[in-house]
Peer 1: 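Handing you this structure, nothing more for now.
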Amino acid sequence: MDPKKKTVGFAPDNDVNTADLASPGSSNNSSTVGSPVSALGNTPDIGTHSVTFSATTAEPRTINAAGSRSSYEPMKSSYEEQWGLTDRTSSSSSSAGKAHKLASPREGSGFPNSNKDQAAGSNKKDTKGKRNSASSPGNPGTSSTGKESGSGKASGLCIQPNVGASSKDSPQSGGTASAGSTGPGSAGGKPDGSQKPSAPSQKSMTKAERRELQEKQKAEKAARVSAGLPASGKKAAQIVSQPNSGFSPNPSKSLATSFPGVEAEKAIAAAESTSQAKRRERLTKEIGLFAHLDPPKFANTASAPKDLHPAVVNVGLQMAQFKICGANARCVATLNAFRKAIQDYQTPPNNTLSRHMQTYLNPHISYLVTCRPMAVSMGNAIRYLKYEIGKNLELPDEDARSLFLEKIDNFIRDRITMADQVITSLGLQKIQDGDVILTYARSSVVEGLLLAAHAKGIKFKVIVVDSRPRFEGKQLLRALANAGVPCTYVLLTAIGHVMREVSKVILGAHSLLSNGALYSRAGTAVVAMSAHERKIPVIVCCETYKFSDRVQLDSFVQNEIGNPDELVNDQYNNYGHSSTRYHDSVRGSSSSTAAATNGTKGSGGVLSDWKELRDLKLLNLLYDLTPSEFVTVVITEVGLIPCTSVPVILREFLPMMQQ
Amino acid sequence: MSKNNELVDDLVAKLKRRQLVGSSTVSQATLKLLIVVISKSNWTTCNQLVTIVKTVGQRLVQANPTELAVGNIVRRVLHVIREEFHEAESTISHKNQASTSEFHAAPLTTSSSMYNLLGETGSTPDKNLQFPSSLRSNIIQEIREIKDELENIYDNIKNQASLQIHSNEIIMTIGRSKTVEEFLKMAAVKRKFQVLVAESAPSYSGQEMALELSKAGIETTVIPDSAVFAVMSRVNKVILGTHAVLANGGLVAISGTHMMAAAAKHHSIPVVVCTGLYKLSPLYPYDEDTFNVQFNPDSVLGFEEGDLIDKVTVTNPYYDYVSPEFVNLFITNQGGHPPSYLYRLIVENYDPNDHSFDL
Amino acid sequence: MAENFDVVATYKTLLLTSPELSMPVAAIQSLVELIKHSKATTMSEFMLSIKDASQQLKSSVRNSISLSAGCDLFLRFVTRNSQDVADFESWKRTLIVRGQSFVEKADACRYKIADLGVPFIKDGSVILIHAHSRVVSLLLQKAAENHKRFKVFVTESSQTQGGIQSAKVLRAAGIPTTIILDAAVGYVIDKVDMVLVGAEGVVENGGLINQIGSYQMAIVAKATNKPFYAVAESYKFVRLFPLNQYDLPTYNADTLSFQELNVDYDENAPNADGSLGTVTGKTRSLASDSPLTATSQAALHMKVSEDRASQGSNPLVDYTPPNYITLLFTDLGVLTPSGVSDELIKLYL
C-alpha cells in the first residue's frame, strides 16, 4: 500500500509523544491503520463506519516492539488476558512481542473494508520491516498528519480517523491515534469496531486514547488558528483540501503536503471531518468520571465480520439489544453458540482442529465483546474452554471436536445447571414460613430458589424491587405471580418504606470479586445498604463460576455504560406518561403551565432534547459494587460461605473443579 | 363572620382537592386567609382569638393532613398572637403596677418553662384588660412580616450558597426542589461545579430539575436511582430539598431521599438540607409513615401489564422519612443550623400549647 | 438559730407514707415543711438554713442524683425570687404556697408525660423496659387504656427486683409482660421495636442517669438501630456534666473494687426473706453440676446480692451519653437531648 496513503488518514503511528513512539509505533500503526482505514480507498465506508459505530472498539494497546511504552500507553489490563484473548496472533505478520492483537479478525473477516484488510496484510509486511526502525522518517505523513487511525480509538468516542482534516500538524493527533492503535502492530481500531482484544484491556486504552485524541484536537485547533485557518475543523479542511488554496501549513508538520496524492486524502479527510465533528460533539456528552469506559455499543450485522458463525452473530446481536441479559443467560447462550460454531467448524488445511480452534474462536469472542462488554461469567467460561482447548492440542480432529463439545456441555451442566440446583437446595434451608423476602431486579438463580420454595410449600411473601431503565423485575414478578406467590412490587425509591417489614433479602450476582465485594446490577448496593441498616440478613446466590480474581473498591474503575437514551421518558420507553403529567396530579394546577411547555416537547419526555443542551448529560450505569460488609452470606454450590472467602474458593476449589 | 367562613371553606376545598399543592403556595394562601380572618373577626381576649384561629387551623389541617406547612403557618400565627398579647399585657400590668407582693417573675415566666414549675402558672384569667386598639394592627403587622419572609425565602437561602460550595465540587441531589434549584443557580454564578441529579422514580421530578440546572449553565448529569450508591463515593456533598422537617430533625422528603442520605452517611459525605423555616413542624414522627402519602400505583405498574396487576400488590409512597442522624446541616432563611438546634427554632416560633389544634 | 426540724426524718416519712411520691418531690416537700417551721428572721439566715437542709438531705441518701436535682431546683427557685423581697414573712408564705402547688403539679407531671408518650407506642409493638420506673409504668398503662396492643419485656434487675415489680403492675393492667435476664438484652433486642427507660436524673448534655444496666441497653439499642426513649420529669434535670461513667457524684472508688471473694454461702443460714431454702453448691460450683431449682436460685441470688450490697462493690446507677438517646419524654414536651441543655441553660442563667 502506498505508504502515503497509509499515513494520510491515519497517523496512528505517532503516539502522543510523537517523538517517543514515532518510530516503533508508526510502522505498526501504519499497518493497522492501513488496514482498517486505509481508508483512503474506503472513504465512504469510513464515513459509514463512523456513523454506525458510535463506539468503536478501542485499539488494543500494546507495548510496542521496542518495548518502550508511550507515555500515554496504559498498562496492559488483565481484561483481555483474563478472557484469553491476548494470545491472538491473527497477523502472522505480527512480530513476536507484538501486542496481542486480534489481527485475525481482520483477515478475511469480511469487513466492509476488505481492502483494508489487504492493505493491512500488505502493510504488515512492511510494518514488520519498519517495526523496529527507530523512527520512521519515512512516515512523515503519519507523524505529521497525525491523522488518527480511524480505528476510532474506541475510547469510546466514535472518533473515526480524524483524518487529518483538522490537523495538519498536530503531532499529538498521531498520539491519539497511535495511542489507540498503537502498539506496534496493534490493529488500529477498526472503525467497524471489531476488537483487537489482544492487548491490555480496551478500556484502559480507551481512556488514554481518548485523552490523546482530545489533546490532539485541541492542538489541532490551536494550530489551525495559529496557521491562519478558521478554527473549525471542517472549514480548515476545506481550505486545505483545495490544492490551490494557497494555504501552506507548517511544512515541518504537514507532511501530507509533501506527498503527492495527499490532496486526495485531504478530500477524504475533509469528508471525515464532519463525522469527526459529530463525534466531538458526542464527545462532550461523556461523563468525565467514566471516560475510561466504553461508551454504549450499537452493533448490527453489517458490523460483523463476515466469516463468523451466524449463531455467534445472533447471540451477539441479542445481547447488544438486551434481549438476552443476565449473567447466566448470556453465558449459556454464548456457550451454546460456540458449541454450534465448533460443531460446524471445518479445519482449514495444514492445521489441526485443536491448534486452530483458538484462532478460530477469537474473532467470535471479539465480536461478542464489541456487542457488549464481556460478562465475567462469559469470560470465565471462555477461559475454561480455551484452557481445555489448550490442554488437548494433540488430539485428532474429531476426537478433539467431540471433546470440546462435551466439555462445553459439562460446563453448562456442572457449573451452571447443577450448581443452581445445589444452591436452591441450600437456600431452601434459609427460607422459613412467614418470611417476607425482598429481591431486586431479576436473577435467574433467585427466581429458581423462590419458585422451589413455593413449590415446597413454604409460606412466604416476596417484595420485588425494580428500577429504571430496564425494569427487569417485572419478569420475575410475572413468573412469581403466575406461580401463585404473594408478591408486592415497588420501585427502588420506595425501599426505605418497604424495608421495615422484610425479614430477608436475597440477591443475585453478576460476579463476586476477590475482595469480597458483590458486582451486580446497579441498584443492588442500595438494596443491600438499606437492609444492612436494619440488620436484615442479605443472602447472595452465586455460582462459583462467576467468581473473579479481580479486586475492586468502587463502581467507577470497571463498569458498563448503557445507552443514555434509555433514560429519556418518552412513549418508546417503558415509562408511560410524562413526568410532568405525574406531577400535575400531585401538585395540582399550579404546575400546569410547566406541563404545557414541556408537553410541547416532542413525545412528552422531559429530557427528549437532552442532546441539544450543552450542559446536560445522562448516565445509564449498568452495574455497581456492593461492599462486602453489606452481605451476610453467599450461597454457592460448594456451600454457604462468607463473602470474604471468595479468594479461598478460587484458590482451593476451582482448580479441583476444573478437572 | 360568614364571609370568613366562605373564605375558609374555599381554601379548605382547594386543599382537599389538591388544587393547591406545594408548601410555599399553600403557606402563602393560608397566611392570606388568616390575615383576613383576624382582621375581620370579633375578639377581645387572647383566648378568643386563639380559639378562632385554632378552629380555622384545624379545618385546614384536616383538609390535607400531609401538607404540614399549613399547620406550621397557623402555629406561627398563633405564636405571634400570643406574643403580642403578652407584650400588651405586660405593658398594661406594668402601668398598673402597684406595690404588690406578687412576684412578677414577668420577664422570666415565658422564657423558662422549668421555672414555671415553681413560679406563677402564668395563665392569668381573663382580666378584662383594655387592650390598646393598636393590638389588632400590631398582630396583623407581624403576620405581614411573616408573609414577607415567606416571599423572600429563596433570597435568604441562596445567599448562603457560595459559602457552602467550593469549586470543582460534585454535588448530588434528588428530585425537584425549587429551593435547591435557586441555591445551586446562585452558587453557579461564582463557582464551577457539577451536579448529579437522581431522577426519583416514578415521579421523575429529577429530570426536570436537571433540565433547569443545565439551562442555567451548570454541568448536570441525570442518573437513575439505581446508580445512587455507585456514584456516591465521588460525590462531595449531597444537597437536598424536603417537603417538611419534623421536630426531631427528621425529614419528610420525596421518595428516594432516604436511600441517598443513607448512602451518603455510609461514605461519610455531608448532607445539607435547604429549606425555609415554614417547613419546620413541631410534630414528631410517631411512625415513619405518619406523614406519608401513597400515590397512584399506575406509574409503578400500569394497566399495560395486563392481569399481572391483579395478582400483585403495588406500593407507591410519595414521601420518604429520613431520620435526623443522616442530616448534617440545615440551611434555612435564618441561616445555617445543625439538626440539634432545630429544637430551639421550634421553641422560638411555635408555642407548645399549639402543637395540637384540639381545643 | 438552731433548727430542731429534722428535714431528713420528714423526708423519709414522706417517702414511706406516699410510695408514689418520687424522691425529688419528697425532698422539695420536706424543704417546704422546713420553711414552714423556719424560725429564721433574716434573708441570709433563711437561705443558709435551706442550703444546710439541702445538704443534709443529699448526704443522707446513698443514691442522691434525683434528690440533688430536686433540692437544687428548689434552691434555685428560692434564690431567684429572693431579689426584691419587701416583706420577709409574706415572702415566706408565698414560698410555701408555691411549694405546695409545685408538689401538686409534680404529680401531674407524670400524666402529662404519659400523654405525650402514648402516640409513640404503636399497635403490635414490642417494648423493652428496664427494672421499675413509675413513669414508664404509667405511660404503658395509659397506652393500654387507649386500646393499644403491645407486649413488654422487662429486665429482671435482680438487685432491686425492679423487674418483678414492673411485671406485676403491667400485668395488672392487662399488658403481656415477660421478665428477662439482664444478660438477655442482646438476645431479645431483635424482637423489640423500642426501648423505654425511666430516669434518676437528666444531665446537662442530655445524657441520662438511671439504674445500672441502662447504659448497656442503650448501646445494644444503638447497635441494632432501635429507638431508645427516656422518660423523665423536668424536676429531674440536674446541673451535672459527667465526662464518663466514673465522673458521677455517686461514684465510689470502692465500687467494683477487687476484693476477696472467698465467700462461702452457708447453706443453712436463713435467707433474707426468712425462708430456709437450700442452696445447692457454692458459688464456685454454680457453673457445673445440676441446675439449681428456681427457689434455690432465687435464694442464691438474694444471698449474692446481699453480699454485693454489703460490700458496696457494685454500682447502682450508670450514665448514658446523649448520643445513645433518641428522644426524651418530659413534661416540657418531647425533647431531643440537645433541647435539655437549652432548658437547663435557661433556668440557671
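The model shown is predicted, which means the values in this text are computed figures rather than measured ones. Just so it is clear, the values below take in all heavy atoms, side chains as well, and ignore hydrogens, waters and symmetry mates. The chains referred to below are lettered A, B, ... by the order of the sequence lines, with proteins before strands, and numbering in each begins at 1.
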Peer 1: Could you check whether any side-chain heavy atom of A/L616 comes within less than 4.5 Å of a side-chain heavy atom of B/V222, counting everything from C-beta outward?
Peer 2: yes

Peer 1: So, taking the atom named OG in A/S555 and the one named CE in B/M232, what distance separates them when rounded to the nearest 0.5 Å?
Peer 2: 11.5 Å

Peer 1: Considering only heavy atoms, which portion of A/E629 lies under 4.5 Å from any heavy atom of chain B: side chain, backbone, both, or neither?
Peer 2: side chain

Peer 1: Who among B/V231, B/L196, B/D320 has the most heavy-atom pairs with chain A under 4.5 Å?
Peer 2: B/V231

Peer 1: Quick one: what part of A/Y489 sits under 4.5 Å from any heavy atom of chain B, side chain, backbone, both or neither?
Peer 2: both

Peer 1: Under a 4.5 Å heavy-atom cut-off, does chain B meet the side chain of A/L492, its backbone, both or neither?
Peer 2: both

Peer 1: Testing the basics here: between A/P627 and B/H266, what is the closest heavy-atom pair and its distance to 0.1 Å?
Peer 2: CG-CE1, 4.0 Å

Peer 1: Which bit of A/I495 is near chain B, if near means a heavy-atom gap under 4.5 Å: side chain, backbone, both or neither?
Peer 2: side chain

Peer 1: Among A/I463, A/V490, A/L553, which residue forms the greatest number of heavy-atom pairs with chain B at distances under 4.5 Å?
Peer 2: A/V490

Peer 1: Would you give the length of the straight line joining atom SG of A/C487 to atom NZ of B/K311, rounded to the nearest 0.5 angstrom?
Peer 2: 10.0 Å

Peer 1: Using a 4.5 angstrom heavy-atom cutoff, name the option from B/L301, B/L213, B/N292, B/I174 with the most pairs to chain A.
Peer 2: B/L301

Peer 1: Locate the shortest heavy-atom distance separating B/A201 from A/T493; write the atom from each residue and the value.
Peer 2: O-OG1, 2.6 Å

Peer 1: Quick one: what part of A/N482 sits under 4.5 Å from any heavy atom of chain B, side chain, backbone, both or neither?
Peer 2: both

Peer 1: Taking it one step at a time, do A/R614 and B/E219 satisfy salt bridge (Lys or Arg N to Asp or Glu O under 4.0 Å)?
Peer 2: CA-CA 8 Å; A/R614 182 192 58 153; B/E219 205 182 317; over 6 Å; no

Peer 1: Which pair of heavy atoms, one from A/V526 and one from B/D225, lies closest together, and at what distance?
Peer 2: CG2-O, 4.3 Å

Peer 1: Check each atom of B/E199 against the heavy atoms of chain A and say whether the ones under 4.5 Å are side chain, backbone, both or neither.
Peer 2: side chain

Peer 1: Quick check on the interface: out of B/A210, B/S233, B/G217, who has the most heavy-atom pairs with chain A under 4.5 Å?
Peer 2: B/G217

Peer 1: So which of B/T315, B/I223, B/V314 has the biggest tally of heavy-atom pairs under 4.5 Å with chain A?
Peer 2: B/T315

Peer 1: Are there over 12 heavy-atom neighbours, none belonging to A/K535, within less than 6.0 Å of that residue's NZ?
Peer 2: yes

Peer 1: Mind listing the closest non-hydrogen atom pair of B/A262 and A/E533 along with its distance?
Peer 2: CB-OE1, 3.7 Å

Peer 1: From B/T221 OG1 over to A/F290 CZ, what is the distance, rounded to the nearest 0.5 angstrom?
Peer 2: 9.5 Å

Peer 1: With a 4.5 Å cut-off on heavy-atom pairs, point out which of A/A522, A/G523, A/G484 contacts chain B the most.
Peer 2: A/A522

Peer 1: Out of A/L618, A/V464, A/D624, A/L621, which one racks up the most heavy-atom pairs below 4.5 Å with chain B?
Peer 2: A/L618

Peer 1: Given a strict heavy-atom distance threshold of 4.5 Å, which part of B/Q294 is in contact with chain A: side chain, backbone, both, or neither?
Peer 2: side chain

Peer 1: Indicate the atoms forming the closest heavy-atom contact of A/L613 with B/K215, along with that distance.
Peer 2: CD2-CG, 4.1 Å

Peer 1: Is there side-chain contact between B/Y204 and A/R468, with at least one heavy-atom pair below 4.5 Å?
Peer 2: yes

Peer 1: Checking A/L477 against chain B: side chain, backbone, both or neither under 4.5 Å from a heavy atom?
Peer 2: both

Peer 1: With a 4.5 angstrom heavy-atom cut-off, which part of B/L308 approaches chain A: side chain, backbone, both or neither?
Peer 2: side chain

Peer 1: Evaluate A/Y440 against B/S226 for side-chain contact (heavy atoms from CB on, under 4.5 Å), listing each step before the verdict.
Peer 2: CA-CA 11 Å; A/Y440 179 69; B/S226 46; 3.5 Å; yes

Peer 1: Determine yes or no for a side-chain-to-main-chain donor-acceptor pair under 3.5 angstrom, with B/E208 supplying the side chain and A/L607 the backbone.
Peer 2: no

Peer 1: At a 4.5 Å cut-off on heavy atoms, which part of A/R521 comes close to chain B: side chain, backbone, both, or neither?
Peer 2: neither

Peer 1: Tell me the closest heavy-atom pair linking B/F229 and A/A525, and the distance in Å.
Peer 2: CD2-CB, 3.2 Å

